[in-house]
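Contents: one structure, followed by commentary.
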Amino acid sequence: MECEDYDFSPVEKAFQREVKADCGVTAEVVITDEEEIRRLNNEMRKVDAVTDVLSFPTLDGILGKKLKKKNFPSDVDENGDLFIGSVAICEKRAKEQAEEYGHGYERELNYLAVHGVCHLLGYDHMTDGDKVKMRAMEEKILTKAGIERK
């Protein structure tokens, strides 16, 4: 996971042990402001509102499957890694939610990054069953990364 503003390496390492692939897997994480997240939300989802996190997956139908480089040749980057998509996090919403939920900003940023990457991997929360699976994966990754609720 790449982000110029924040080090997500503990989360990245936790995901590496969970994602099955025959190559490296990478994602982009961008921390942005309210104006940009609202623009993206409106442009991509037709929702004219600020949100906390948006995910833009490049691969479909990959949940629970081993990722094979040969199946996605146009999504392999210059380093030979499979690019699974981008995540945009609203900095202000992350700060507000950290306060609202009673934990630190760093924990909230990591949670939102994990949530976004889970979407890139095919997880969702549209049904109760899907939500349970996604929340379990989020907690597993955060625990492996040593990120606790504070």
Side-chain angles (χ1 to χ4, degrees), residues 1-33 36-37 40-41 44-45 50-150:
M1 294 168 48
E2 297 177 23
C3 180
E4 292 179 17
D5 300 331
Y6 187 78
D7 178 18
F8 289 106
S9 59
V11 167
E12 181 178 7
K13 288 176 186 164
F15 268 114
Q16 286 173 353
R17 295 186 293 265
E18 294 300 320
V19 176
K20 310 237 182 315
D22 66 358
C23 62
V25 175
T26 189
E28 172 188 49
V29 178
V30 176
I31 299 173
T32 190
D33 61 22
E36 180 63 5
I37 203 101
L40 289 168
N41 203 15
M44 304 307 284
R45 300 177 60 231
V50 173
T51 190
D52 55 357
V53 61
L54 293 170
S55 297
F56 305 100
T58 57
L59 310 179
D60 290 321
I62 63 170
L63 180 61
K65 296 180 181 173
K66 182 174 181 177
L67 301 178
K68 296 182 181 180
K69 191 187 233 182
K70 70 178 184 177
N71 294 339
F72 306 99
S74 61
D75 295 297
V76 176
D77 68 16
E78 64 276 358
N79 297 320
D81 295 331
L82 186 58
F83 181 69
I84 62 170
S86 299
V87 175
I89 298 171
C90 179
E91 181 176 36
K92 185 172 183 198
R93 287 295 301 134
K95 287 177 180 175
E96 291 169 351
Q97 288 174 181
E99 178 139 342
E100 180 181 336
Y101 299 134
H103 55 241
Y105 173 63
E106 181 177 319
R107 198 272 183 202
E108 186 65 16
L109 268 184
N110 280 289
Y111 169 75
L112 293 172
V114 168
H115 182 84
V117 172
C118 281
H119 277 303
L120 299 183
L121 292 169
Y123 287 89
D124 211 338
H125 45 82
M126 297 303 286
T127 69
D128 288 341
D130 289 344
K131 186 176 184 177
V132 167
K133 290 176 189 172
M134 186 167 181
R135 295 294 179 254
M137 177 56 81
E138 290 168 349
E139 288 303 319
K140 185 176 189 178
I141 296 298
L142 290 167
T143 298
K144 283 184 166 197
I147 299 163
E148 302 173 5
R149 295 179 193 264
K150 296 177 185 174

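Rounded to the nearest 0.5 angstrom, Gln16 CD and Ser9 OG are separated by 9.5 Å. One finds the CD atom of Glu36 at 11.0 Å from the CG atom of Asn41 (value rounded to the nearest 0.5 Å). A distance of 6.0 Å separates CG of Asp124 from CG of Asp130, quoted to the nearest 0.5 Å. In this structure, Lys140 NZ and Arg17 CZ are separated by 10.5 Å, a value rounded to the nearest 0.5 Å. For the atom pair OG1 of Thr26 and CG of Leu82, the computed distance is 9.5 Å after rounding to the nearest 0.5 Å. Separation of atoms CD (Glu108) and CD (Glu100) is listed at 8.5 Å; rounding is to 0.5 Å.
Closest approach of Arg93 and Thr51 over heavy atoms only: CG-O, 3.7 Å. Pairing each heavy atom of Pro10 with each of Ala145, the nearest pair is O-CB, 3.5 Å. For the pair Met134 and Cys118, the tightest heavy-atom approach, listed with the atom from each and the gap, is CE-CB, 3.9 Å. Minimum interatomic distance between Gly116 and Val87 (heavy atoms only, all atoms of both residues): C-CG2, 3.6 Å. Nearest heavy-atom pair across Arg45 and Leu54 is CD-CD2, 3.7 Å. The two residues Ala113 and Ile89 come nearest to each other via the heavy atoms N-CD1, 3.7 Å.
One finds no salt bridge joining Glu139 and Arg135 here, because no Lys/Arg side-chain nitrogen approaches an Asp/Glu carboxylate oxygen to under 4.0 Å.
By the 4.5 Å heavy-atom criterion applied to side chains, Val50 and Cys90 are counted as neighbours. A 4.5 Å side-chain heavy-atom check between Lys66 and Asp22 finds at least one atom pair inside the cut-off. Looking at heavy atoms from C-beta onward, Phe15 lies out of side-chain contact with Val25 at the 4.5 angstrom threshold. Counting heavy atoms from C-beta outward, Asp52 and Gln97 have side chains that approach closer than 4.5 Å. A 4.5 Å side-chain heavy-atom check between Ile147 and Val114 finds every atom pair outside the cut-off.
Residue Leu59 forms a side-chain contact (heavy atoms from CB on, under 4.5 Å) with just one option from Asn71, Asp75, Leu121, and that option is Asp75.
For Glu99, the CD atom sits in a loose shell: 12 or fewer heavy atoms of surrounding residues, nucleotides or ligands are nearer than 6.0 Å. Applying the 6.0 Å contact sphere to NZ of Lys133 captures no more than 12 heavy atoms from other residues, nucleotides or ligands.
Here the side chain of Lys69 pairs a donor or acceptor atom with the backbone of Gly80 at under 3.5 angstrom. Within the 3.5 Å criterion, the main-chain N or O of Glu106 finds a donor-acceptor partner in the side chain of Asn110. Between the side chain of Asn79 and the backbone N or O of Asp81 there is no donor-acceptor pair closer than 3.5 Å. A donor-acceptor pair under 3.5 Å is formed between the side chain of Thr58 and the backbone N or O of Phe83.
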Does the side chain to side chain contact (heavy atoms under 4.5 Å, CB included) test come out yes or no for Val117 and Glu12, once each step is laid out?
CA-CA 10 Å; Val117 172; Glu12 181 178 7; over 6 Å; no

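Ring geometry for His115 versus His119: interplanar angle over 60°, hence perpendicular rather than tilted (30 to 60°).
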